[in-house]
2 protein chains.
Amino acid sequence: MTTTSDNPSDIFKERLRTAREELRKLSQAELARETGLPPSSVAHFEAGTRKPSFDNLRKLANALNVTTDYLLGRSEDPAGAAEADPIYRDVHKLTDKNRKMAADFMRFLAQQDEKERGEDE
Amino acid sequence: MTTTSDNPSDIFKERLRTAREELRKLSQAELARETGLPPSSVAHFEAGTRKPSFDNLRKLANALNVTTDYLLGRSEDPAGAAEADPIYRDVHKLTDKNRKMAADFMRFLAQQDEKERGEDE
DNA sequence: CCCCACCATGTCGAAAGCGCCATGACAACC
DNA sequence: GGTTGTCATGGCGCTTTCGACATGGTGGGG
């Protein structure tokens with residue numbers, strides 16, 4: 001019985017594989033490179049022989065650009081809003097520092113736009 | 001430096017305490033009871049001396065009724081359908097032109113990161 | 001045939017989380 | 001004074017994940 005999954009660990013390994021293959025179309029080695037994890041760790045996660053630690057869960061979610069809630073099976077939605085838009089394509093590759101820099105840059109641009117709209121129009 | 005927090009573990013302990021006190025108004029012991037964890041574990045999490053495992057992170061998020069992304073600092077929204085990241089917050093305000101510029105900027109940063117490849121995340 | 005990319009599996013020592021339990025600080029209130 | 005609630009801290013033995021590395025299997029291309 002039980003089709004595919006019923007406990008969180010099983011859900012996780014399926015979600016991880018789905019996200020890697022179907023969403024991001026990566027090999028395990030590629031995902032490993034983007035997360036900075038050894039490839040064997042990715043394999044262990046998908047095999048269900050290990051569950052990721054706090055830090056590694058974050059790395060996986062960042063690299064795959066999905067919510068941790070999706071990976072944990074707490075949400076059906078892979079990603080909040082993101083994804084289809086090309087602007088999100090490289091986000092997952094950024095370090096935290098550069099991620100903040102990009103966020104600041106976009107906030108700056110957003111303010112510029114707002115200002116122009118105000119003066120001009 | 002930097003005000004309060006910049007690494008994920010620091011964010012987590014602050015989010016956890018905030019969620020427990022302000023959102024759910026629970027004592028550590030009450031939260032412990034609802035999660036089935038020993039009270040000392042909750043104390044350790046908020047002190048930052050331990051980081052929760054896969055399973056315990058889920059229990060905390062369930063008991064507090066928040067997203068794991070919020071606890072991990074990947075989303076500002078406690079209950080949010082999750083805009084995954086602060087980095088996404090201003091995107092929708094951008095004009096098409098600036099949106100492209102932001103995308104280019106992020107691609108540039110991503111290439112830089114890839115080249116350096118010493119840090120993670 | 002031999003490689004090579006991809007993945008599965010396991011072993012190793014080190015590190016970290018686990019639950020449990022004890023102790024102590026500190027404030028509030030009887 | 002004493003008691004009670006709340007939280008911090010740290011030791012204990014156990015379990016799990018960690019990264020690193022080795023091995024083996026499978027499938028496709030030269």
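So you know, we letter chains A, B, ... as the sequences are listed, proteins then strands, and number each from 1.
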Inset, instruction - Would you indicate which nucleotide in dG19(C), dC18(C), dG10(D) comes nearest to any side-chain atom of F45(B)? - result: dC18(C)

Inset, instruction - Kindly say whether, by distance alone, the side chain of S40(A) makes a donor-acceptor pair under 3.5 Å with the base of dC21(D)? - result: yes

Inset, instruction - Give a yes/no answer on whether the side chain of R17(A) brings an N or O atom under 4.0 Å of OP1 or OP2 in dA8(C). - result: yes

Inset, instruction - Could you tell me whether the side chain of E34(A) and the main chain of L31(A) form a donor-acceptor pair under 3.5 Å? - result: no

Inset, instruction - Check whether any side-chain heavy atom of R20(B) lies under 4.5 Å from a side-chain heavy atom of E46(B), and answer yes or no. - result: yes

Inset, instruction - Figure out the CG/P separation between L57(B) and dT17(D), and round it to whole Å. - result: 14 Å

Inset, instruction - Calculate the interatomic distance between R33(B) atom CZ and dC7(D) atom P; express it in whole Å. - result: 13 Å

Inset, instruction - Using whole Å, report how far CD of E30(B) lies from C1' of dG5(D). - result: 11 Å

Legend entry - Any Q28(A) side-chain N or O less than 4.0 Å from OP1/OP2 of dA5(C): no

Inset, instruction - For L26(B) and dG5(D), give me the distance from atom CG to atom P, rounded to whole Å. - result: 17 Å

Legend entry - Side-chain donor or acceptor of R24(B) paired with backbone N/O of A63(B) under 3.5 Å: yes

Legend entry - Euclidean distance, T18(A) OG1 relative to L23(A) CG, rounded to 0.5 Å: 8.5 Å

Legend entry - Stretch residues 46-56 of chain B: residues that reach within less than 4.0 Å of DNA chain D through a heavy atom: A47(B)

Legend entry - Candidates dG19(C), dC7(D), dG10(D) - which lies nearest the side chain of L37(B): dG19(C)

Inset, instruction - With rounding to the nearest 0.5 Å, note down the distance linking NZ in K51(B) to CG in L72(B). - result: 11.0 Å

Inset, instruction - Indicate yes or no for a side-chain donor-acceptor contact from D69(A) to the backbone of T67(B) under 3.5 Å, with no hydrogens or angles considered. - result: no

